[in-house]
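Below: the structure, in structure tokens.
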2 protein chains.
Amino acid sequence: MSPREKIISFYHAHRRMPSYSELLPLLNYHSKSAVAYAVKKLIREGVISKDDQGRLIPNTTLEEVRVLGLVEAGFPSPAEEELADTMNLDEYLIGNREATFMLKVKGDSMIDAGINEGDMVLVERGLEPKSGDIVIAEVDGAFTMKYYRKKAGRVYLEAANKCYKPIYPKNELRITAIVKAVIRKY
Amino acid sequence: MSPREKIISFYHAHRRMPSYSELLPLLNYHSKSAVAYAVKKLIREGVISKDDQGRLIPNTTLEEVRVLGLVEAGFPSPAEEELADTMNLDEYLIGNREATFMLKVKGDSMIDAGINEGDMVLVERGLEPKSGDIVIAEVDGAFTMKYYRKKAGRVYLEAANKCYKPIYPKNELRITAIVKAVIRKY
DNA sequence: ATTATATTAGAACAAACGTTCTAATGTCAA
DNA sequence: TTGACATTAGAACGTTTGTTCTAATATAAT
């Protein structure tokens, strides 16, 4: 296990960077100056960084994922791999964390929109739905995921599956949340 | 802006929790004991926590998303909402961060698998593909995303789109990475 | 073996840390 | 107004922080 990996696992276990004292046993040293020396090396290598007060802060690569271009473009050669942009999944997917929830998808009503049973959807509450949004709606006491459509002032729900007919709500139509992202894990 | 939101934004800006001194201006206090008092309250409310040495650590809700059950089950009433499980997107989606990359999908060859053009895929390098995996493959110098199939010892690539025919590699077939997750943002 | 260099141990240091005490102030009900 | 309580300011405390120095040791080349 490299020093880098040890620090990363400490960071994820404690949700903060280790102090020099905590790095002593972690990096198998017996003096803080040895740690200081090792830390300087890691900083030179771009593994970690320091803030203006000397505290260690995680480098972006500790939390971010490298983003490449298109599938067709494929992977760059190791030489140019440094040019790759990085992205934080959390920041990318979550706007208002307080209002964001994750739901597991049941059924096949949105299969033509590429949302399959078992997928996870990130939904956000408290937003005003626009026509064309995918929403979580409460219809007659039950929850469903459908397209939210508004045509000629009339609101209805439409599945992304030809087997299902549009739903024209009889009573009230409560839009509980709006689907912001779909996540499928293999 | 509530104290909670101030701390969260500090945490995301500095990638660590603030010290008591840093909370002074943040919470508009002029003494550390006032901060200590406020921190105790926040801890009582479950907003933040402390480790065994008194340092502030972010509560799970600072980074995690609440997970509900099925779409059909919908949202629990506010009373039982505390029961909701939480999940960290990073931990959920990323196994080996060093080997993980993100690619933007071009084309419609995997549309029947629910992967559309413009989606992002999380791929991991250095894994041995199994039959049925979705992979990024280099065929004759170009990259494509296809199903990896192995039948009777023979390896070929198959699109999830009836318009495309299976690819039986003439020369070599290089599996560059395996698709671990699909992410679509609306 | 000898030299030069790189690394580590150990100690000392000022600065910053969270904690805790007293005193002052603010808040609210009676 | 009075009294009870909650909150804040300010100061002092012991501890831990990162830094920096010297001395000892390891490493590698000559």
Side-chain angles (χ1 to χ4, degrees), chain A residues 1-64 82 86 88 97-98, chain B residues 1-64 78 82 86 88 90 97-98:
Chain A
M1 211 176 183
S2 72
R4 169 160 206 271
E5 290 171 317
K6 286 175 183 173
I7 292 177
I8 290 178
S9 66
F10 184 102
Y11 178 73
H12 283 115
H14 296 79
R15 298 178 173 275
R16 61 173 174 84
M17 292 295 272
S19 69
Y20 280 38
S21 319
E22 289 166 332
L23 283 174
L24 279 187
L26 211 61
L27 304 183
N28 293 318
Y29 286 124
H30 296 85
S31 75
K32 285 208 288 181
S33 72
V35 171
Y37 193 94
V39 165
K40 270 184 192 163
K41 202 161 107 184
L42 289 172
I43 291 176
R44 239 184 290 123
E45 295 168 358
V47 173
I48 52 178
S49 303
K50 280 192 188 181
D51 62 10
D52 48 352
Q53 287 155 70
R55 278 181 285 232
L56 298 184
I57 52 177
N59 226 357
T60 54
T61 50
L62 258 62
E63 285 191 309
E64 310 214 333
E82 333 159 349
T86 64
N88 184 302
R97 184 172 256 106
E98 295 295 304
Chain B
M1 211 178 183
S2 71
R4 171 162 205 269
E5 291 170 316
K6 287 176 182 173
I7 293 177
I8 290 179
S9 66
F10 184 101
Y11 177 73
H12 284 115
H14 296 78
R15 298 179 172 274
R16 62 175 174 81
M17 292 296 272
S19 68
Y20 279 38
S21 317
E22 289 166 331
L23 283 174
L24 279 187
L26 211 61
L27 304 183
N28 293 318
Y29 285 124
H30 296 85
S31 74
K32 285 207 289 181
S33 71
V35 172
Y37 194 94
V39 164
K40 269 183 193 164
K41 203 162 105 184
L42 289 171
I43 291 175
R44 238 183 290 121
E45 294 168 357
V47 174
I48 51 178
S49 304
K50 280 193 191 182
D51 62 11
D52 48 353
Q53 286 158 72
R55 279 181 284 234
L56 297 184
I57 52 178
N59 226 358
T60 54
T61 50
L62 258 61
E63 284 190 312
E64 308 214 335
E82 334 159 347
T86 65
N88 184 302
D90 261 54
R97 183 172 257 106
E98 295 295 305

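Chain A is the first sequence line, chain B the second, and so forth, proteins listed ahead of strands; every chain is numbered from 1.
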The side chain to side chain contact (heavy atoms under 4.5 Å, CB included) partners of B/H30 (sequence neighbours excluded) come to none
Can you list the residues that meet the side chain to side chain contact (heavy atoms under 4.5 Å, CB included) rule with A/Y37, with sequence neighbours excluded?
none
Can you work out whether B/Q53 or A/K41 has the more 5'-proximal nearest nucleotide on DNA chain C?
A/K41
Under the side chain to side chain contact (heavy atoms under 4.5 Å, CB included) test, which residues partner B/K50, sequence neighbours left out?
B/Y20, B/V39, B/I43, B/L56
A/Y20 OH to C/dC17 C1': how many Å, rounded?
17 Å
May I ask you to test the A/H14-B/I57 pair for a side-chain heavy-atom distance under 4.5 Å?
no
Separation between OG (B/S2) and CG (B/L42), nearest 0.5 Å, reads 8.5 Å
Given atom CG of B/D52 and atom P of C/dC17, what is their separation to the nearest angstrom?
19 Å
Strand-adjacent residues in residues 29-38 of chain B, judged by heavy atoms under 4.0 Å from DNA chain D
B/Y29, B/H30, B/S31, B/S33, B/A34, B/Y37
Starting at atom CZ of A/R16, determine the distance to atom C1' of C/dG18, rounded to an integer number of angstrom.
13 Å
Write out all pairs satisfying salt bridge (Lys or Arg N to Asp or Glu O under 4.0 Å) with one or both partners inside residues 25-39 of chain A, taking only residues at least two apart or from two chains.
none
Take the C1' atoms of the five end pairs on each side of the helix from C/dA1-D/dT30 to C/dA30-D/dT1, get both axes, and report the angle to 10 degrees.
30°
If you walk 5' to 3' along DNA chain D, what is the first nucleotide with an atom under 4.0 Å of a heavy atom in chain B, and what is the last?
D/dA6 to D/dT17
Please name all residues satisfying side-chain hydrogen bond (donor to acceptor under 3.5 Å, both in side chains) with A/S21, sequence neighbours left out, ordered by chain then number.
none
Side chain to side chain contact (heavy atoms under 4.5 Å, CB included) partners for B/E22, two or more places apart:
A/Q53, A/R55, B/F10, B/R16, B/P18, B/S19
Side-chain heavy atoms of B/R4 within contact of B/N59, under 4.5 Å
no
How long is the gap from CD on A/E45 to NZ on A/K41, to the nearest 0.5 Å?
6.5 Å
